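Input: a single structure, listed below in structure tokens.
Any value given below was found using the heavy atoms of this structure, including those in side chains, with hydrogens, waters and symmetry copies removed. When a ligand or atom number is given, it counts from 1 through the structure's own listing order. On a predicted model such as this, the values are computed, not experimentally measured, just so you know.
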Amino acid sequence: MILVTGATGTVGREVVSQLVGEGRPVRALTREPDRDLGFPRSVEVAGGDLGRPETLGAAVAGVESVFLLTGGGPETPLHDANLALAALDAGVRHIVKLSIIGAAYGFDDLVSTWHLAGERAIRQIGDRPGGPAWTFVRPGEFMSNARLWAGPVKARRTVIWAQTEAAVAVIDPRDVAAVAVTTLTTPGHDGQTYRISGPEALTVGERVAKLGAALGDQLTLVERPVADVRDAAARAGRQPLVVETTLGNLGRPEFRERAATVLPAVEKIIGRAPYTFDRWAADHVEIFR
Ligand SMILES: NC(=O)c1ccc[n+]([C@@H]2O[C@H](COP(=O)([O-])OP(=O)(O)OC[C@H]3O[C@@H](n4cnc5c(N)ncnc54)[C@H](OP(=O)(O)O)[C@@H]3O)[C@@H](O)[C@H]2O)c1
């Protein structure tokens, strides 16, 4: 049995779907198990909250491997530690944590720092007798962050964003999930850390042009200060600190250079090239109509 946390979100839902496609037994963790989750019938649903350790014992019982995804906020180290301790108690063999690329470079921004602390907690718990092995998957920015553009694109054919000149090797969450699924289901990944990116570095302007091409329409890009984008993202339900940190990083030359670097790991691990932004846009164009 494989436990997938974050199973109702962008990456976790894809991890569930790919594991089910391989015929693997899957248990999905959510804080709201009673709502209609839209999983295939074979998926077991477990109610639980990573912030409430007393809810995690039943979720990890009988589990061999865990895909561990936290919301990415300041609670990340505590949530990683809570799940790793429950996994230790239950005799789980392997945890695959979704981390972030900044952790690979030791960046001191908030989000990288939270994930690094989470990784450290998992390593320490893994070092205890009978502790779980671990793998850390460290992606750069997701292509799906473009979903935040949907409102203004629908209303005015306009994208409002910050740091639009920075090129980023954005990655399709389906590829993040595919890397996680491979590390969960094939041997040789214990104690490994994987830096992963998409196949090409694209500025926001280039991504907006590709999205326009998928829509068959021309989009206008408007550059705004980070604080304006942060506030708009907060109104759309995103964590403002995370948006501010991610965009703020792109103002730092050392991060900008790393963010633009195309890495070979996805193809090495999953055996095919990562998806392009053209493909992501074509597959998600309805969100923007
Ligand atoms: N966006 C990027 O560009 C990017 C890049 C690199 C790394 N990351 C990392 O990716 C992660 C976010 O992935 P995502 O975009 O797939 O997430 P998402 O779509 O925002 O979904 C968040 C998931 O986390 C679950 N969750 C939140 N709080 C929880 C809690 N207290 N207990 C149990 N489950 C909880 C939610 O489940 P329920 O609501 O059903 O309980 C939901 O399934 C973060 O760790 C972030 O740092 C993001």
Tell me if the aromatic rings of Y194 and H189 count as close, with their centers under 6.0 Å from one another. yes

R31/D49 ion pair, N-O < 4.0 Å: no

If hydrogens are left out, which of S112, G48, P139 has an atom nearest to atom 6 (C) of ligand 1, that is, the closest non-hydrogen atom? P139

If the threshold is 4.0 Å, N to carboxylate O, is there a salt bridge linking R157 and D217? yes

Which atoms of ligand 1 are found less than 4.0 Å from any heavy atom of N145? 1 (N), 2 (C), 3 (O)

When you measure from atom 25 (C) of ligand 1 to every protein heavy atom, which one gives the shortest distance, and what is it? G6 CA, 3.9 Å

If the contact criterion is a heavy-atom separation under 4.0 Å, does R35 count as touching ligand 1? yes

The answer for which part of A7 has a heavy atom under 4.0 Å from ligand 1 is backbone

Test your reading of the structure: does G9 have an N or O sitting under 3.5 Å from an N or O of ligand 1? yes

Does E141 come within less than 4.0 Å of R207, counting only side-chain N to carboxylate O? yes

Short list, please: which atoms of ligand 1 are under 4.0 Å from a heavy atom of V11? 16 (O)

If you have a sec, work out which protein heavy atom is nearest atom 31 (N) of ligand 1 and how many Å separate them, to one decimal? D49 OD1, 2.8 Å

Can a salt bridge be assigned to the pair D283 and R279 using a cut-off of 4.0 Å between side-chain N and carboxylate O? yes

Using a strict 4.0 Å cut-off to heavy atoms of T30, name the atoms of ligand 1 that fall inside it. 38 (P), 40 (O), 41 (O)

Do any non-hydrogen protein atoms sit less than 4.0 Å from atom 20 (O) of ligand 1? no

Under 4.0 Å from a heavy atom of E141: which atoms of ligand 1 are those, numbered in the order shown and with their elements? 3 (O)

If we number the atoms of ligand 1 from 1 as shown, the ones under 4.0 Å from a heavy atom of I100 are 6 (C), 7 (C)

Nearest heavy atoms of P173 and S144, plus distance in Å: CG-OG, 3.2 Å

With the threshold set at 4.0 Å, does a side-chain nitrogen-carboxylate oxygen contact exist between R252 and D108? yes

How does S99 reach ligand 1, by side chain, by backbone, by both or by neither, if only non-hydrogen atoms under 4.0 Å count? backbone

Return yes if a side-chain donor-acceptor contact under 3.5 Å exists between D109 and S112, otherwise no. yes

of all protein heavy atoms, closest to atom 17 (O) of ligand 1 is L69 CD2, 4.0 Å

Below 4.0 Å from ligand 1: does a non-hydrogen atom of R138 turn up there or not? no

Distance alone, cut at 3.5 Å: any donor-acceptor contact between the side chains of E14 and Q18? yes

Under 4.0 Å, counting heavy atoms only: does L98 come that close to any atom of ligand 1? yes

Pairs where residues 239-282 contributes a residue and the test ring pair (Phe, Tyr, Trp, His ring centres under 6.0 Å) is met, not counting sequence neighbours: F107-F255, F277-W280, W280-H284

When T135 is tested against each of L184, T183, I95, V179 for side-chain contact (heavy atoms from CB on, under 4.5 Å), which residue passes? T183

For atom 8 (N) of ligand 1, what is the closest protein heavy atom, and at what distance to 0.1 Å? F142 CZ, 3.6 Å

By number and element, which atoms of ligand 1 are closer than 4.0 Å to a non-hydrogen atom of T8? 36 (C), 37 (O), 38 (P), 39 (O), 40 (O), 42 (C), 43 (O)

Cut-off 3.5 Å, side chains only: do E119 and S99 have a donor facing an acceptor? yes

Among protein heavy atoms, which sits nearest to atom 39 (O) of ligand 1, and what does the distance come to when rounded to 0.1 Å? R31 NH2, 2.8 Å

Mark yes or no for whether R27, through its side chain, and A59, through its backbone, hold a donor-acceptor pair below 3.5 Å. yes

Using the rule that two of Ile, Leu, Val, Met, Phe, Trp, Tyr join whenever any of their side-chain heavy atoms come within less than 4.5 Å, decide whether V242 and L68 are in one cluster. no

Honestly, for L50 the part within reach of ligand 1 (heavy atoms, under 4.0 Å) is both

Quick note on ligand 1: atoms under 4.0 Å from a heavy atom of H79 include exactly 31 (N)

With backbone taken as N, CA, C and O and side chain as the heavy atoms from C-beta onward, which portion of H115 lies under 4.0 Å from ligand 1: side chain, backbone, both, or neither? side chain

If only atom types and distance count, is the side chain of E223 paired as donor or acceptor with the main-chain N or O of T164 below 3.5 Å? yes

Counting non-hydrogen protein atoms only, what is the nearest one to atom 45 (O) of ligand 1? Give residue, atom name and distance. T70 O, 2.8 Å

Number the atoms of ligand 1 from 1 as they appear, then name those within less than 4.0 Å of a heavy atom of T10, with their elements. 15 (O), 16 (O), 19 (O)

Just to check, does G140 reach to within less than 4.0 Å of ligand 1 when the distance is taken from its heavy atoms? yes

